[in-house]
Undergrad: 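I am attaching a structure below and will ask some questions about it afterwards.
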Amino acid sequence: MNKNEKFVITINRELGSGGRTVGRKLSEKLGVQFFDKALIMALEEKYHLSTEEIEKMKGRKQGWWAEFKRIMFSDESYSPNYYEVKMGEAPEALSTYEIFKAEEDILNTLAKEESCIVAGRTGFYILRNHPNHLHILIQASMPFRLNRIMKKRNISEAEARKIIDNVDKMRENYVKEYTGTTRYDTRNYDLVIKADGKSEDEIVNIILMYIG
């Protein structure tokens, strides 16, 4: 990946690995926007940004990209935990194909317009043909993930394990359903990092060293 040209970095991560925080810190270091699944889903629900609506926005005026970004970053109600499985929610529940296609169009639009970092389950697949990309997977051991979730949410180990199990199953089902691959296949990534024993800042530095 050449950071001096328009690029896209995708980060797939296991819940509790700190991957979202890494993405945000990395975006600050590189001076580019950070987008995650939660923001994209919030956009779809609040502004009904289907593929058709995105195309209409593009056709209305020359400044459509500025308008698109204004919508994306003007919502103070945006919650970073928007998409996570809640207790009792069925992990088998998947988004519809139409929603996946809308997300695909949004991500391709983002990557086409400017350099950016994308965190999400299928970014590595949707943007696999981008001419200047870096696909990253951040993993961690179960004890590391449990400890992080327990501290972050102030919950028991049993509760943390149930959340992790549900989210893992939901994300894997989603990836298999819409990409035909598995998010655990390291051949889908350029860089795989184990978070154990590392701070988010240390992981960011590893990625920056890799980019050069």
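No experiment lies behind these values; they were computed from the predicted model shown. Note that these values count all heavy atoms, side chains included, but never hydrogens, waters or copies made by symmetry.
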Undergrad: I'd like to check the salt bridge (Lys or Arg N to Asp or Glu O under 4.0 Å) partners of Lys198; sequence neighbours left out, ordered by chain and number.
TA: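 If we apply the salt bridge (Lys or Arg N to Asp or Glu O under 4.0 Å) test to Lys198, skipping adjacent residues, there are no hits.
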
Undergrad: Pick out which of Asn188, Ile193, Thr10, Val192 makes a side chain to side chain contact (heavy atoms under 4.5 Å, CB included) with Leu137.
TA: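 Passing option: Val192.
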
Undergrad: Return the set of residues passing side chain to side chain contact (heavy atoms under 4.5 Å, CB included) with Lys29 (not counting sequence neighbours), or none when no residue passes.
TA: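 Val204, Leu208.
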
Undergrad: With a 4.5 Å heavy-atom cut-off, do Leu15 and Arg171 have their side chains touching?
TA: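 Yes, at least one pair of side-chain atoms sits under 4.5 Å.
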
Undergrad: According to side chain to side chain contact (heavy atoms under 4.5 Å, CB included), who are the partners of Glu157, at least two apart in sequence or on a separate chain?
TA: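 Side chain to side chain contact (heavy atoms under 4.5 Å, CB included) check on Glu157 returns Leu146, Met150, Arg161.
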
Undergrad: Do Ile203 and Ile138 come within less than 4.5 Å of each other through their side chains, counting heavy atoms only?
TA: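 Side-chain contact under 4.5 Å: yes.
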
Undergrad: Apply side chain to side chain contact (heavy atoms under 4.5 Å, CB included) to Thr182 and list each qualifying residue two or more places apart in sequence or on a separate chain.
TA: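 Checked Thr182 against side chain to side chain contact (heavy atoms under 4.5 Å, CB included); matches are Glu172, Lys176, Tyr184, Asp185.
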
Undergrad: So does Arg145 pair up with Glu14, basic N to acidic O under 4.0 Å?
TA: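 A salt bridge links Arg145 with Glu14.
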
Undergrad: Is the cationic atom of Arg128 (NZ for Lys, CZ for Arg) positioned less than 6.0 Å from the six-membered ring centroid of Tyr125 and within 45 degrees of its normal?
TA: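 Judged by the rule (NZ or CZ under 6.0 Å from the ring centre, within 45° of its axis), Arg128 counts as positioned above Tyr125.
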
Undergrad: Using the test side chain to side chain contact (heavy atoms under 4.5 Å, CB included), find all partners of Ile155 that sit at least two apart in sequence or belong to another chain.
TA: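 Testing Ile155 for side chain to side chain contact (heavy atoms under 4.5 Å, CB included), a comparison that skips the adjacent residues, returns Ile149, Arg153, Glu159, Ala160, Ile163.
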
Undergrad: Kindly indicate whether the side chain of Tyr210, heavy atoms from C-beta on, has any atom under 4.5 Å from the side chain of Leu134.
TA: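 Yes - at least one pair of side-chain heavy atoms lies under 4.5 Å apart.
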
Undergrad: Hey, what do you get for NE2 (His133) to CZ (Phe124), rounding to the nearest 0.5 Å?
TA: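 It is 11.5 Å, given to the nearest 0.5 Å.
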
Undergrad: Tell me, please, which residues at least two apart from Asp196 pass salt bridge (Lys or Arg N to Asp or Glu O under 4.0 Å).
TA: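 If we apply the salt bridge (Lys or Arg N to Asp or Glu O under 4.0 Å) test to Asp196, skipping adjacent residues, there are no hits.
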
